[in-house]
Amino acid sequence: MRYRHQVSLSSPAPSLTSAAVLRVCDWFAVHARELPWREDTATPWGILVSEIMLQQTPVVRVLPRWQDWMRRWPRPADLAAAPTAEVLRAWDRLGYPRRALRLQECARVIRDEHGGEVPATLEELRALPGIGEYTAAAVTAFAFGGRAAVADTNIRRVLVRAVLGQERPAPSYTARERAVVAATLPEDTSRSVLWNQAVMELGALVCTARSPQCGSCPLASACAWNRAGRPAASAETPRRVQRFEGTDRQMRGRIMARLRSAPQVPITMLLELDPADPARVRRCLGTLLADGLAERDGDLVSLPS
DNA sequence: AAGCCGGGGAC
DNA sequence: GTCCCAGGCTT
């Protein structure tokens, strides 16, 4: 285990009672949404694809893209062999298209180094492109039934409220939070898988960021934040939400949308995306070319072949 | 630890 | 207009 993951034994992390854990699992059995990547027929590959698509992207927007994607590329080898331009078009407007590039790289590594099968261990998953700490744990748990501490934005928020009594997590995943997530994870493996799913769903449906429905929460009586009167977060931890309007990120998105719409696009047409500032378009196009999201052939730009 | 990377819907 | 969404990668 790496040093920064170690927890001081002198201050054991607070946790939840086993009764509270059971209440959340019971709640999940009744209220869980029916999502296609949760069906018994879902493959590890399908679950991995869903996790990548769901990174910073709401479920409702992922659903149709995932269905099309899995119908088209049901196995890693199928995606590995696809033209990258088609992969990026299928990604459509899910956002952060570098995820689509990494997903295809991921498929190629799985084909070339794992015999075409999604690896089942945390370490092997974490080594795949586009798979970080969260996704490796999620695939371990949800695709292979392994015991792993899953910590997405929902689980972090629920546990920070219920255990630490704060309205919302810090911007970065702190060692303190990590200790709470680990301490709360049930020892029993199958119970841990259910727990991860249940807390995540609770955060998505009840313990939401904006208007938590504490009245119908199975943790209400155990929740430190609720018991304290749901105090607002201190102003010391500012939101630092990223601006979008007028940024390079927005322009990159506009360029990508234009590239998806035709086999090739003249640079002159791309420059018209911001007639007042063609230098900005050129700068953004440059970063897209550097990222491998676009290709240039003379005056023509296209998605990568 | 901080900054960057899309896009859309809820408020 | 603000905030949020099953995060990851680079510096």
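Only a predicted model underlies this, so the values are computations on that prediction, with no experimental measurement involved. Here is the naming used below: chain letters follow the sequence lines, and residue numbers restart at 1 for every chain.
Counting only residues at least two apart or on different chains, no ring pair (Phe, Tyr, Trp, His ring centres under 6.0 Å) pair has a member in residues 148-201 of chain A.
OP1 and OP2 of C:dC5 both lie 4.0 Å or more from every side-chain N or O belonging to A:Gln56. Side-chain nitrogen and oxygen atoms of A:Arg243 include none within less than 4.0 Å of the OP1 or OP2 phosphate oxygen of C:dT2. Within the structure, a side-chain polar atom (N or O) of A:Thr135 is placed less than 4.0 Å from OP1 or OP2 of C:dG8.
If you measure from atom OH of A:Tyr96 to atom P of C:dT10, you get 16 Å, rounded to the nearest angstrom. A:Leu205 places its CG atom 13 Å from the P atom of C:dC5, with the value rounded to the nearest Å. To the nearest angstrom, P of B:dC5 lies 10 Å from CZ of A:Phe244.
Atom CZ of A:Arg227 sits in a sparse spot, with 12 or fewer heavy atoms from other residues, nucleotides or ligands closer than 6.0 Å.
Separation of the A:Trp69 and A:Trp91 ring centroids falls under the 6.0 Å cut-off.
A:Leu101 comes within 4.0 angstrom of nothing in the nucleic acid, heavy atoms only. Using a 4.0 Å heavy-atom cutoff across all strands shown, A:Ile52 reaches no nucleic acid atom at all. Base engagement by A:Arg210 is indicated by at least one non-hydrogen atom pair under 4.0 Å involving a base atom. Using a 4.0 Å heavy-atom cutoff across all strands shown, A:Phe142 reaches no nucleic acid atom at all.
Using a cut-off of 4.0 Å between Lys/Arg side-chain N and Asp/Glu carboxylate O, A:Arg89 and A:Asp92 are scored as not salt-bridged. In summary, A:Glu187 and A:Arg147 engage in a salt bridge, as defined by a charged side-chain N under 4.0 Å from a carboxylate O. A:Glu86 and A:Arg72 are joined by a salt bridge, as a carboxylate oxygen and a charged side-chain nitrogen come within less than 4.0 angstrom of each other.
Mapping A:Ile131 and A:Trp37 onto DNA chain C via the closest heavy atom, the residue that lands nearer the 5' end is A:Trp37.
Heavy-atom distances under 4.0 Å link DNA chain B to A:Arg249, A:Arg252, A:Gly253, A:Arg254 of residues 248-271 of chain A, given in residue order.
Test A:Arg283, A:Arg280, A:Arg282 against A:Asp274 for salt bridge (charged side-chain N to carboxylate O under 4.0 Å, His left out) and you get one pass: A:Arg280.
Within 3.5 Å, a donor on the side chain of A:Thr57 pairs with an acceptor on the base of B:dG6, or the reverse.
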